[in-house]
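Here the structure is a predicted model, which is why all the values come from computation and not from measurement. All values below were derived from every heavy atom in this structure, side-chain atoms included, with hydrogens, water molecules and symmetry-related copies excluded. Throughout, a chain's letter reflects where its sequence line sits, starting with A, and its residues are numbered from 1.
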There are 2 protein chains.
Amino acid sequence: METVRSSAMPAYQRIAAAYRGMIMSGELRPDDRLPTEHEIADRFGVVRQTVRTGLGILVTEGLIVARRPHGYFVRRREHMVYRPQEKSRPRPATPEMDRFSQQIVAEGRTPHQAIEVSLVQAAPDLAQRLGIAAGETVVARRRVRFINGEPTNINDSHFPIDLVKDSEIMSPAYLPRGTDQVLADLGYRQDRAIDEIFIRMPTPEEIHRLSLGPGTPVAAHYDTGYTAAGQPVQCTLNVLPGDRHKIVFERHWQGEPAG
Amino acid sequence: METVRSSAMPAYQRIAAAYRGMIMSGELRPDDRLPTEHEIADRFGVVRQTVRTGLGILVTEGLIVARRPHGYFVRRREHMVYRPQEKSRPRPATPEMDRFSQQIVAEGRTPHQAIEVSLVQAAPDLAQRLGIAAGETVVARRRVRFINGEPTNINDSHFPIDLVKDSEIMSPAYLPRGTDQVLADLGYRQDRAIDEIFIRMPTPEEIHRLSLGPGTPVAAHYDTGYTAAGQPVQCTLNVLPGDRHKIVFERHWQGEPAG
DNA sequence: TCATCTACATTGACTAGACAATGTAGATGT
DNA sequence: ACATCTACATTGTCTAGTCAATGTAGATGA
């Protein structure tokens, strides 16, 4: 078999680089269709499998999606603004919607939530953040939030069971006040929170809950809230698909000017 | 060819799920070796290519790495703590190291930086953040930061050229004071900053500069600083590989208690 | 007209190989 | 003892196909 090795790069990488370049430069625009695997194979003088390897790279990079039997398309991406700081800003005393819904409605879009409450044993990482022993029971209030009917992010709140038993938090109903306010009404008002953000690929469960396409990294945002006395009262895991969010916050300089 | 279809899931996904499970559960620990492709193929009754597809998923998920000719190994991951808030905290008047180096040394590790200064035309996204027209000249101070000899993150600062020409910022030397202080000395003290974080897969250039393995998502953190008068004076792009960082910040509740 | 069926193009999954590239361990030579 | 070479196991790249799954457009039928 005679193979013309036109460059040092393997063929599948040259194919990926070629179409990546066209997308990055704007020559191929969102929703544009790529040639079929067969056409690309002919063009580059390789078999279909090699083309699939190359396009697979762009799929895992999140640049294109495959829609059988239509072909590959350049992916469209728009980012929802995620503002972790807003969570600790004051709100009206009797809100009609939680913060997330407020923001989405303000943007002229339609929010929707699927809520599920369960009792689970705390995994080690969660237990550590809540200051309890691994395996102790916590209340998990698991939510998938939708915008315009599309799943957009995961918001799984966890509470030590002693704090919230027999409270509204145990009910899988929508709480317009927000769970922070319910906690405050129970005497556990949060005063301070630590935010941790990890960047990683999603787990299969997250892929399923969020209907994620391949090649979509996520931000896992742990928000752990403490009372003024320093007691941890909730730990929330927000999972934000990278193709649908940008995280925004603001800083103001502190202390005396150094200049 | 007789194929036993033991489940609805494709073979390559069953293979990925099997080893993902062993890693997640701790049965396979960091630096442990997986069986060879050939062994796995025999075990699952498929050909090597199918095994490669399955293990390829775990590689892109960042769970394993291939080391030829040794085999596949469970990836070890430790996260450097990245605190965007620290940037706006006061520091001693005459520091010997910048914040990054200070933190690394405090952790008992060895920092190192490769700095490169150039004049570039502002790309549209950068121009918008700096409040200038796309294509205008900006000073780019591009750095790759190393810990214990390993590239750890990218820190590319950009300044409108009018603000910094003929200043120390134009020199590709290490500035212990930090560029923020140099800007302040030039009369552009920052008072407020907006942080934007995007989650995505790295570009080939970022993969090269950071020696990233496949399957490593990154956080792209844009830090745009403003003077008290509201003038943007710098925009820095930090690229943080997901396998090496966690982003941490803290919040304190503001306004009158709502409970 | 409207619904239903069918052929088709395209991606998805997989087989059965071949040869290349690469670090290491063991053999060899001085 | 030390350096050098070589065989080898393993992953990397690629060929040349087969059959399955899927959504649509066009053909068919009432």
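Taking the ring centre of A:Tyr72 as origin, the terminal cationic atom of A:Arg33 falls outside the region bounded by 6.0 Å and 45° from the ring axis.
Ring geometry for A:Phe146 versus A:His112: interplanar angle of 30 to 60°, hence tilted.
When rounded to the nearest whole Å, the span between CG of B:Asp42 and P of C:dT15 equals 12 Å. Atoms CE (A:Met9) and C1' (D:dG12) sit 16 Å apart, rounded to a whole Å. Atom C1' of nucleotide C:dT15 and atom OH of B:Tyr12 are separated by 16 Å, given to the nearest angstrom. Between the P atom of C:dT15 and the NE2 atom of B:His38 lies a distance of 13 Å, rounded to the nearest Å. Atom P of nucleotide C:dC14 and atom CD of B:Glu37 are separated by 16 Å, given to the nearest angstrom. Taking atom CZ of residue B:Phe73 and atom P of nucleotide D:dT10, one finds them 11 Å apart after rounding to whole Å.
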Check the interface with nucleotides 20-23 of chain D: list each N/O to N/O pair with the protein under 3.5 Å, or write none.
unit_1, atom_1, unit_2, atom_2, d
D:dG23, O3', A:His70, NE2, 3.4

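Separation of atoms CZ (B:Arg209) and CG (B:Asn153) is listed at 10.5 Å; rounding is to 0.5 Å. For the atom pair OG1 of B:Thr152 and CD1 of B:Ile147, the computed distance is 4.0 Å after rounding to the nearest 0.5 Å.
Side-chain N/O atoms of A:Thr236 and A:Gln234 include a donor and acceptor closer than 3.5 Å.
The C1' atoms of five pairs define one axis at each end of the helix from C:dT1-D:dA30 to C:dT30-D:dA1, and these two axes lie 10° apart (to 10°).
Interface residues of residues 44-58 of chain B facing DNA chain C, ordered by number: B:Gly45, B:Val46, B:Val47, B:Arg48, B:Gln49, B:Thr50; criterion, heavy-atom separation under 4.0 Å.
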(message) Does B:Arg142 form a salt bridge (Lys or Arg N to Asp or Glu O under 4.0 Å) with B:Glu205? I'd like the steps, not just the answer.
(response) CA-CA 13 Å; B:Arg142 292 155 53 92; B:Glu205 194 217 341; 2.9 Å; yes
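Listed pair B:Tyr72 / D:dA9 fails the phosphate criterion, with no side-chain N or O lying under 4.0 Å from OP1 or OP2.
A salt bridge is defined here as a Lys NZ or Arg NE, NH1 or NH2 lying under 4.0 Å from an Asp or Glu carboxylate O, and A:Glu27 with A:Arg20 fails to meet this definition. The residues B:Asp156 and B:Arg141 are annotated as not salt-bridged, no charged nitrogen and carboxylate oxygen being separated by less than 4.0 angstrom. The pair A:Glu196-A:Arg129 meets the salt-bridge criterion, with a side-chain N (NZ, NE, NH1 or NH2) lying under 4.0 Å from an Asp/Glu carboxylate O. Using a cut-off of 4.0 Å between Lys/Arg side-chain N and Asp/Glu carboxylate O, A:Glu206 and A:Arg200 are scored as salt-bridged.
Aromatic pair B:His245/A:Phe198: ring centres not closer than 6.0 Å.
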